[in-house]
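Heads up, the thing below is written out as structure tokens.
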Amino acid sequence: MKRPPLVHGLLAEFDDPTSLVEATERAHHEGYRCMDAYSPYPIEELHHALGSPKSRLPLIVLIGGILGLLGGLWLEYWVSAITYPLNIGGKPFASWPAFIPVAFECTILGAALSCVFGMLALNGLPMPYHPVFNVPRFALASRNRFFLCIESSDPRFDIDRTRHFLETLNPREVSTVAD
Amino acid sequence: MAEPTSSQSQVIAPGHTFGTVTDQISAIVLTRKTSMGWYAGFSVALFFTLVLLVSLTNLVITGIGIWGNNIPVGWAFDITNFVWWIGIGHAGTLISAVLLLLKQSWRTSINRFAEAMTLFAVSCAGIFPLFHTGRPWLAYWLFPYPNTMNIWPQFRSPLIWDVFAVSTYATVSALFWFVGLIPDLATLRDRSQSKVGRFIYGLLAMGWRGSAHHWHQYETAYLLLAGLATPLVVSVHTVVSFDFAVSILPGWHTTIFPPYFVAGAIYSGFAMVMTLAIPIRAVYKLEDFITMRHLQNMAKVMLVTGLIVAYGYLTEAFIAWYSADKYEGFVPLNRLTGPYAVAYWSLILCNIIIPQLLWLKKVRLNVPLLFIISIIVNVGMWLERFVIIVTSLHRDFLPSSWGMYSPTFWDWSTFMGTIGLFLTLLFLFVRFLPMISIAEMRAMLPEAKVNE
Amino acid sequence: MNSELRRALSRGIAGSEERGQSSSPRTKDTFWRTLDEQAEDPAFQEHLYNEFPSEIEAITDPVARRSFLKLMGASIALAGVTACTKQPAEKIVPYVKQPEELIPGKPLFYATAMTLGGVATGLLVESHEGRPTKIEGNPLHPGSRGATDVFAQAAVLGLYDPDRAQTLTNIGDIRPWAAFIGAMRAALTAQQALKGAGLRILTESVSSPTLAAQIRDVLARYPSAKWHQWDPASRDNARGGAKLAFGEYVEARYDFSQADVILSLDADFLSSGPGALAYARQFAARRNPQDAERMNRLYALESMPSSTGAKADHRLPLKPSQIEGAARAVVAGLRGSAGDDSGLGPAEQKWITALAKDLSAHRGRSLVIAGDQQPPAVHMLAHVINQDLGNEGRTVVYTQTVEAEPTSQVESLRALVADMNAGKVDVLLILGGNPVYTAPVDLAFSAALDKVQLRAHLSLYSDETSQRCQWQIPEAHFLESWSDARAFDGTVSIVQPLIAPLYDGKSIHEVMATLGDRPERSAYEIVRDHWKIGKDDSAWRRWLHDGVMPNTAFGAKAVRFQPNLQHTTPRPEPGIEVSFRNDPSVLDGRFANNGWLQELPKPITRLTWDNAVLVSPATAARLQSRERPATTGGEHGNIISDVVDLKYRGRIVRGTMFTVAGHPDDCATVHLGYGRTRGGHLANGAGFNASSIRTSDALGFGGGAEIALTGQKASLACVQYHHLMEGRGMVRAVTREEYVNDPKSIREGDETPPRIITLYPDMPYQGYKWGMAIDINSCIGCNACVVGCQAENNIPVIGKDQVMRGREMHWLRIDTYYRGAVDNPETFFQPVPCMQCENAPCEVVCPVGATSHSAEGLNDMVYNRCVGTRYCSDNCPYKVRRFNFLLYQDWDTPSLKLGRNPDVTVRSRGVMEKCTYCVQRINAAKIDSEKGNRAVKDGEIKTACEQACPADAIVFGNLNDPSSRVSKLKAEVRNYELLGELNTRPRTTYLGAVRNVNPELGE
Amino acid sequence: MSQIFHRSANTIARVSIFGAVFFVAGLLGLLAEVNRSPWMTDARTAREQPIQFSHERHVAGNGIDCRYCHTSVEDSSFAGIPPTKTCMNCHSEIFSNSPFLEPVRDSFRTGTSIQWTRVHDLPDFVYFNHSIHVNKGVGCTTCHGQVDRMPLMYQQNSLQMEWCLDCHRNPEKYVRPRSAVFSVDYQAPEDQEALGQKLVAEYQIQKLTSCSTCHR
């Protein structure tokens, strides 16, 4: 039997960043936690308004960098001093000054890769499919509109009360996000 | 859209809204129909790309001998072009990374295609180290990989440093560029009319939704990348300069090289950005976003870096004399008066004398003049590398092996070919991707402020 | 055929692009049939097939070669792309019956001899499975003493030259040997009646006892027949001089080991002429400053600067015609008589006086020698001075002539031409030589030649002369035939073949036999019979083994000294004097198709691939001629100069002018041997033909010439145009006094840093520690080492165009530097191989480790690892690395493959290469010693250059052994490092030059 | 706007990104394996030969010493391929009219060589010298394998540089007493290490890994 479409959440559309931020703060004050705010450009305040934790990305990058460094150094040393030591122009097998540039580049590479993929991972990207895309007007999220989405997974979520609550934030419009 | 303004202070003309910015920039890619001009330019560029292919094929089939290289001049156009291209690349990273860290908001409208330029320049640069080898099909030996010979790269060689530096640089630049593109790809995805367009842009956007959470991680990542790219960009040209500084050749073996090469790189890079920005803003009516302020600032950067380079030349000559080393001492003399004196003097003219015009505000505000100067600087910086490489090699320690180098047709065709490749990529870029970061532009609009 | 041979075959050999294009009709059959005993052909075919899949036709069809080269390149590229390519399955082909003495994979050495101008040089030839690959000197032979000259070194390439005449032809069509014999029979029966009045034999100078006997037989059989000799490298003047002094032909033999003071009257005795190798060694042995007292002093009066002039302690440049006057002045000086008008200035007079004083102070311990191109009078004067100084029996001995039939060859030729014109000649056998090209132009030899009914020409190439003869007989190369010859001191050597004739060549003996009654006799029988070798041939075997016949050297000969001092050479007409010389590389043109010699930079001028009108800078200036380095190649390869018309005695030759420092003014030197029209692919078109203005009355030089600029410019391939040291002290030189007073003076300005100043600990070198010392004082710049190196290491020839681009491939070069005034500078030779630096700058920059240090301190170069970044070369301060910019090796001419050294990799395109101290020889010696559980003995390993050197200037050995020769040399004060201030710590070091200056003349 | 992608796209996207990493790694690994495989090295594949010569029969069967045919192995770089004469020494008597041996007799009659297909074929830029190895106690079977059990000759080892280096770096793992060099049924003792050490010292075996040892 065909079950009725589940609801992912409710999506309120706003005209300007200020009202979105206020709305978000209100919602958070109301006790809503499982929600997300969408804007066409980064807005510092939103992050605080949502009360989400600081990013763990810097740590990941640090680790990536260190691994790159050690990997690079080890490779150079192992190659030139252990596996096939050759007398190159009378230089010592482990001529560390000559090893610095490559080690450095490896560090950067390790850090950069972990940075980008870390970011994607933390953002759960790639995620070509997402319920919010079901709302036609959401296309404007990447142009000039601001959205607040309270998700059904929130314990306090109730389709009617939440919609009523959102209406009070005088949005342009509130739409249901099918899941 | 608003009238083009000649305001010198603003980085974006007044009267723009989220909507207009988004529409105008994305329109270039989505709705605006491809102009005849684009096709014309593109086909010219494509032609030179074919010239490159022919030259390289002949090179592989016949050998390096088709170039003018010889003993003592083992390196000539090949490495000159390599260094020149890499240098040009640097401006992109510098603008997007360093200026970001320095909170130079004016960068936003030029960083996107400056980064693109970086990528294309680096790919042009990459061609030379690969094909200047006598047996390019074995170039993969320069990468460390376990093999049946139990032989590995020789990590004391600056060329290996190059391999790591340049490939790292290419990778990081690409990532940086792509990360910057993600939100705009989302915009294109959402605004594209064609199904194909939406699919492709959608794929590339990876489902970007612009959620606050996304933006937070994204901003962090972008900042971190900028933080990583900055030392990287400095290291890359430093390593490139090591190719020469680490050798024992008088004229190459010079401690001033790293800073002086990096400065030179930025110098030529900004010149190239200007060379590209001026026509593009004219053709695509982007005067609102690439304002006089941008051109002015770039001119100033060129002036500064140009002076650093000039200082480099002086130091080189001074140390050569001060060292009281007969070989070192001979190098500047040979450059000033030797058979390649013409090249040396024209490089002084292009890199030091003419750019001094930029002291004048009038000049800085004169777009055509800026364009010409930027091209002159590009030429000058190419000559600089040529002079450093060839004049040092052609008369080294033993007079018995002194010789001369002059380029052959194939030297030229390969060089021109890479320029063709560069432009081809650039044309494709402006046609299919937003050449200005829309998201960042939005953030710059007055209405973007959140007022408590 | 075994793996070593197959390996050799699966590599290429030295051969230039041009060479490869040799389109001489070479059917595989002729080629292979003659090689059967040596290399089983199917394997070769098979191999070729594998080497160039589906391209096999391209090889046999020279036309398709260009495109084929491209394909090669492509396939190589392909090979690379698929990383480690599978090798094609190769055949391995054993002997059917293996020769007794042969151990597959081990070379054998055979003694033989090579003749030039009839004079033999004893050789030892290395043979790999029957393929001669390398020539060394025979230590037992007086004319070699283990050394060789460039011509001997390059002979191997001459043997395998694909341009050689390959078939016996009559007016162009191929005929069997029997057909020729038949033709001779017919002609001879006709001559029987006339007692051979119409029979003429024209040979070069002959020292071979067997040949002489054969010819005399024929002359006995046909009393009215005549034997003429013509050798453009003729020594008529020397013979004439002897006649003037002693009334008969005698050979003057010198002993430089006994000479304290030496005067050269335009004689380049160190690098040309009979006994040059022996003389050079004797001379060099007396140049060691270690016992300064025994140092000899050399005075040189010469026109064209030569190696000898460069080694001279005092050199006086004079026009060729002035030498005679100077010589008389010396005589006058010695006899105290009033000097007649020698046309010399006061400076020269002073010089002569000092010289005369020095000579008379060394009676019996001095030596005067005259140059071959100087007229008889000068030779006579040389004899006179030697007599006056009582040198006879001490430094000079007179012996019977080495030539079997000494005569004035130019007169002999003149007579022949007269007879031909008079129609008296019916049959003419031209045995060797190329008279149509070399004969003095005024004799109009070729015109006369056409009047002869039956003309046959025996020669290695189908050349200008062959073209004018009905019969062209391919000559067997000396490495292919039996013969015998005398050394400069008369010692007889048997010439034995190393390989069966590649192209059905016939030896001169076999051709002479066709005039006898047993025409089919082989040279082997002829020579053996001449020496009466019977059943017991133990003596014969010994001769072959040693390469010399014991006690055959001529003893001193009592001479009646009755000089005709009145005899003078007429003064040349006023105007520019032209002096004709044999070319230092291609001689009279007989080596013009030898790539190694063509590409060999000539001493002093450093020109390759060309001869030029050589004049002094002053003369050039007077003629308003300017030469300059081209923008491509520059000082190192490409000099643009004026094309001039040389007008001389109503004839004109057009050549390119080139200035030579130290050349006397108002005279020009032109070298013979160029401007060939039918000399082969390399010879044709190179340079201009100087003999087209050379007349029989002035073979050496003549006056009254004019030089006119044509306004055109032309490029000369000159590998070193910058001869000044720029105060960089590459060559250290002091006078004997300075050295004796303070030996350290030679190290003046030496900035080599002390060993202790270093960041890094020294790399330890236990066991062997190879090093080399090169004595600049001994080096005579003869180039033997350069060609020796080329032959040993499969170094390619690249052609004039590539040389002009500054890409020449020689691993060892002889840098030439000047010091002092340009009109008469001091000249120094500095052989520069790889220095094998301990702190090698090249190694540090190689990204793939293709060059690294061996445990014994060699700077290894691994061709198969090289990707060709050329960074190593850029960073090499000595610029001794060479790069294969194109596919320089000839991979497809089969004959050339046979000559390659199987122990050295043949480098391909895009690969860097350089001197390795002949590591193949080092390894071979080490393996031998290891098997014998002993250490390598000092001198057991000789590098190719060291072995070839007549002056013992190069010494290689183990630096860890304090008693080794090289260690001792490096212990000398004179020892210095080239560019030592760079702290590269070169293993190759140099010993500074010490000039034994006459205090009276000063510097 | 409506969905461009289906739900599954998420999983597909992540899996493909993640999978790509392993795919590339796997590919490289495979390449390395292929390079070492007999397909590249021709190891362990018998070659087509003009005559069905069996080392097994001659060595194990008749107990002929290696050096009877490979005469120059002790004093030349090249071990030597027997001339037809050598075959005929016996086969003029034994199997003197076996059809299998016709090529041999033919060769001997006509004086044209037998063309064997090379089994052990080093690249031309590698210089291997049999004599020194044999003299330093490297047994035939160490490199060539149990020839006495090869009816048709094949190449036992890869002959790749890493294989050469293995022994050049630690010869003690392979050397045997000189007396045993040519014995095909020599078995390395339990204490090979110890014996190796001893022999290396006794024969003054050097660990030559300089480039010019093999490449010139």
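Values in this document were obtained by computation on a predicted structure and should not be read as measured data. Chain identifiers are assigned alphabetically (A, B, ...) following the order of the sequence lines, protein sequences preceding nucleic acid strands; residue numbering begins at 1 within each chain. FYI, side chains are in, hydrogens and waters are out, and symmetry mates aren't considered; it's all heavy atoms of this structure.
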Revision key, fill the gap. When the 4.5 angstrom heavy-atom criterion is applied to Glu751(C) and chain B, the contacting part is side chain
Practice item. Counting only heavy atoms closer than 4.5 Å, note whether Cys876(C) contacts chain B via side chain, backbone, both or neither. Key: backbone
Check your understanding: Measuring heavy-atom distances to chain B, does Val880(C) have an atom under 4.5 Å in its side chain, in its backbone, in both, or in neither?
Key -> neither
Study note, to complete from the structure: So, the part of Ala850(C) with a heavy atom under 4.5 Å from chain B: the answer is neither
Check your understanding: Looking at the rings of Tyr721(C) and Trp402(B), which for Trp means the six-membered one, are their centres under 6.0 Å apart?
Key -> no
Review point. Okay, side chain of Arg156(B), backbone of Val845(C): is any donor-acceptor separation there less than 3.5 Å?
Key: no
Practice item. Given side-chain hydrogen bond (donor to acceptor under 3.5 Å, both in side chains), test Tyr817(C) with Ser400(B) step by step and report yes or no. Key: CA-CA 8 Å; Tyr817(C) 293 112; Ser400(B) 62; 3.3 Å; yes
Point to revise | Residue Tyr322(B) excluded, over 12 heavy atoms near OH under 6.0 Å | key: no
Review point. Tell me, side chain or backbone of Thr408(B) under 4.5 Å from chain C's heavy atoms, or both, or neither?
Key: side chain
**Study point:** Segment of Leu724(C) engaging chain B (4.5 angstrom heavy-atom cut-off)
**Key:** backbone
Exercise for review: Given salt bridge (charged side-chain N to carboxylate O under 4.0 Å, His left out), test Arg395(B) with Glu726(C) step by step and report yes or no.
Suggested key: CA-CA 12 Å; Arg395(B) 289 183 173 174; Glu726(C) 301 289 334; over 6 Å; no
Exercise for review: Please look at Phe244(B) and chain C and tell me whether the side chain, the backbone, both or neither of the residue comes under 4.5 angstrom of a heavy atom of that chain.
Suggested key: backbone
**Study point:** Which portion of Asn983(C) sits near chain B, non-hydrogen atoms under 4.5 angstrom
**Key:** neither
Point to revise | chain C contact via Trp252(B) - which portion, at a heavy-atom distance below 4.5 Å | key: side chain
Check your understanding: Quick one: what part of Asn69(B) sits under 4.5 Å from any heavy atom of chain C, side chain, backbone, both or neither?
Key -> both
Review point. Where does Ile389(B) contact chain C at under 4.5 Å (heavy atoms): side chain, backbone, both or neither?
Key: neither
Review point. So which of Gly910(C), Ser873(C), Pro847(C), Gly868(C) has the largest heavy-atom pair count under 4.5 angstrom toward chain B?
Key: Pro847(C)
Study note, to complete from the structure: Applying a strict 4.5 Å limit to non-hydrogen atoms, the region of Arg881(C) in contact with chain B is backbone
Exercise for review: Go through the atoms of Ile151(B) and report whether side chain, backbone, both or neither lie under 4.5 Å from a heavy atom of chain C.
Suggested key: both
Check your understanding: Which answer fits Gln802(C), side chain, backbone, both or neither, if we ask what part of it has an atom under 4.5 Å from a heavy atom of chain B?
Key -> neither
Study note, to complete from the structure: Bottom line for Phe143(B): the part with an atom under 4.5 Å from chain C's heavy atoms is neither
Point to revise | Any side-chain donor near an acceptor of the partner, Thr133(B) and Thr869(C), under 3.5 Å | key: no
Check your understanding: Measuring heavy-atom distances to chain C, does Pro339(B) have an atom under 4.5 Å in its side chain, in its backbone, in both, or in neither?
Key -> neither
Point to revise | Residue Asp325(B) versus chain C: region with a heavy atom under 4.5 Å | key: neither
Check your understanding: Nearest heavy-atom pair of Glu635(C) and Met404(B): which atoms, and what distance?
Key -> OE1-CG, 3.8 Å
Check your understanding: Are Thr632(C) and Tyr405(B) close enough that a side-chain donor and a side-chain acceptor fall under 3.5 Å?
Key -> no
Review point. Nearest heavy-atom pair of Ile64(B) and Arg807(C): which atoms, and what distance?
Key: O-NH2, 4.5 Å
Exercise for review: Look at the side chain of Asn875(C) and the backbone N and O of Ser247(B), then say whether any donor-acceptor pair between them is shorter than 3.5 Å.
Suggested key: no
Practice item. Identify which part of Pro629(C) has an atom lying under 4.5 Å from any heavy atom of chain B, answering side chain, backbone, both or neither. Key: neither
